[in-house]
Amino acid sequence: MTGATTNADLHCHSTVSDGLLAPAEVVRRAQANGVDLLALTDHDELGGLAEARTQADALGLRFIDGVEISVSWGDDTTVHLVALNIDPANASLQQGLAQVRAGRDARARAMAAELDRVGIHGVYEGSLAYVGNPALVGRAHFARYIVAQGLAKDVKSVFDHWLAKGKPGYVAHVWASLEQALAWVAGAGGVAVLAHPGRFRFSGAELRRLLRHFKDLGGQGIEVVSGGHTAQQVGEFARLAREFDFLASRASDYHGAGESWTDLGKMAPLPEGLRPVWEAF
Ligand code: AMP
Ligand code: MN
Ligand code: MN
Ligand code: MN
């Protein structure tokens with residue numbers, strides 16, 4: 001399989017975390033959109049993979065087991081790693097992710113208390129109607145509840161007003177360390193890819209420091225093409241992939257209609273001269 005002819009989409013979400021489609025629906029939509037290599041990468045959770053794989057097998061779509069891991073790096077900075085081609089039965093990965101998930105409930109209660117202070121009430125309880133597994137409750141579920149209450153026009157504006165770092169409902173949280181997350185991925189036989197580097201609000205120097213640290217700890221790839229990246233960012237991350245000798249990934253980060261920058265499989269191709277991460281599978 002060559003890089004240019006593959007419509008790979010190696011990062012997306014289902015109702016198992018904060019996506020809007022069930023795992024099998026994600027697979028069907030991906031295939032209808034022309035994807036021929038798909039990874040489901042729910043946040044901190046492997047629970048959708050079996051259903052997705054069963055559907056992918058039935059449709060003859062090549063499927064890769066994945067997960068997006070929440071990581072704390074430095075002083076209250078959250079970054080996301082996408083782990084690809086992992087063994088979902090690996091015990092240390094499962095235990096590590098369970099540990100990451102365990103912090104979400106207390107965080108959600110603290111966020112709701114902050115929102116209560118600025119006049120937005122009942123968000124913790126209300127958000128639970130929007131999450132399949134309460135242990136996975138997060139900001140996207142909060143945002144959907146707040147939109148449904150008529151307090152904002154869409155999910156993005158909820159983040160802009162209340163949930164992004166520095167806003168009243170944001171609560172600092174400690175996720176996995178970069179060391180832990182990379183050890184879990186390596187132990188499960190996977191490839192670790194830095195997710196959507198264009199979404200982090202880093203200076204160029206900070207991003208290079210993160211990439212160096214990530215590589216030194218065994219990180220192998222970065223998302224050069226991500227649904228949220230501009231064409232200019234794709235060029236910038238292609239250069240960084242070459243400089244650091246990273247494998248290059250291509251991903252929509254699809255969550256659902258109206259909540260995503262790009263639909264499944266509808267991203268730009270990888271720029272020339274990169275090593276596609278799927279050649280490592
Ligand atoms: P959490 O893991 O609870 O911190 O939630 C992170 C999730 O919130 C991301 O994976 C996205 O689904 C969503 N998200 C983060 N920032 C934004 C934004 N600016 N607009 C819309 N959704 C966002
Ligand atoms: Mn998400
Ligand atoms: Mn992410
Ligand atoms: Mn994601």
Side-chain angles (χ1 to χ4, degrees), residues 8-23 26 29-30 35 38-49 52 64-73 77-84 86 97 100-101 104 107-108 111 127 130-147 154-156 158-159 163-165 170 173 175-176 178 181 185 190 192-202 207 210 214 219 221-229 233 237 249-267 277:
D9 191 338
L10 300 178
H11 177 168
C12 63
H13 298 272
S14 77
T15 46
V16 163
S17 62
D18 59 3
L20 293 173
L21 300 178
V26 171
R29 185 178 184 92
V35 171
L38 178 71
L40 178 67
T41 57
D42 276 307
H43 295 284
D44 309 317
E45 173 60 83
L46 307 168
L49 296 174
I64 300 293
D65 290 307
V67 62
E68 181 173 15
I69 308 178
S70 309
V71 167
S72 294
W73 186 71
T77 299
T78 299
V79 299
H80 287 172
L81 303 190
V82 161
L84 297 171
I86 35 120
L97 295 176
V100 176
R101 291 195 297 272
R104 277 193 180 266
R107 170 193 186 237
M111 283 167 40
S127 70
Y130 296 85
V131 58
N133 173 2
L136 267 293
V137 65
R139 291 185 290 165
H141 312 104
F142 272 43
R144 286 173 197 154
Y145 173 76
I146 291 169
V147 171
D154 57 22
V155 161
K156 187 185 175 302
V158 179
F159 275 87
L163 298 180
K165 191 171 177 180
Y170 178 84
H173 188 71
W175 304 104
L178 198 54
V185 178
V193 169
L194 186 71
H196 46 61
R199 293 267 302 282
F200 308 137
R201 287 181 279 174
F202 285 146
L207 179 60
L210 172 62
F214 175 68
I222 64 171
E223 285 181 353
V224 170
V225 172
S226 165
H229 285 169
Q233 286 174 323
F237 300 128
S249 191
R250 175 176 185 265
S252 62
D253 199 6
Y254 184 73
H255 285 71
E259 293 197 14
S260 296
W261 293 272
T262 310
D263 204 338
L264 291 159
K266 301 293 187 185
M267 311 75 76
V277 66

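Both ligands and their constituent atoms are indexed starting at 1 by order of listing.
With respect to the Mn ion (ligand 3), H80 has ND1 as its nearest N, O or S atom. Looking only at N/O/S atoms, D253 comes nearest to the Mn ion (ligand 4) through OD1. Among the heteroatoms counted here (N, O or S) of H196, NE2 is the one nearest to the Mn ion (ligand 3). Within H43, the N, O or S atom lying nearest to the Mn ion (ligand 2) carries the name NE2. Residue-level check: among N/O/S atoms of H13, NE2 sits closest to the Mn ion (ligand 4). If you look at D18 and ask which of its N, O or S atoms sits nearest the Mn ion (ligand 2), the answer is OD2.
F237 and H229 have tilted rings, their planes meeting at an angle from 30° to 60° on a 0 to 90° scale. Note on ring orientation: taking the six-membered ring where Trp is involved, the planes of H173 and W175 are perpendicular (angle over 60°, cut-offs 30° and 60°).
Of all non-hydrogen atoms in I86 and V67, the two that sit nearest each other are CD1-CG1, 4.4 Å.
For a distance bound of 2.8 Å, the N, O or S atoms of E68 include one lying that close to the Mn ion (ligand 3). Put simply, H11 gets within reach of the Mn ion (ligand 4), with an N, O or S atom under 2.8 Å from it.
Note that NE2 of H13 and CG of L40 are 8.5 Å apart. Values are rounded to the nearest 0.5 Å.
H80 places none of its side-chain heavy atoms less than 4.5 Å from the side chain of R199.
Defined by atom type and a distance below 3.5 Å, a donor-acceptor pair is present between the side-chain atoms of H255 and D18.
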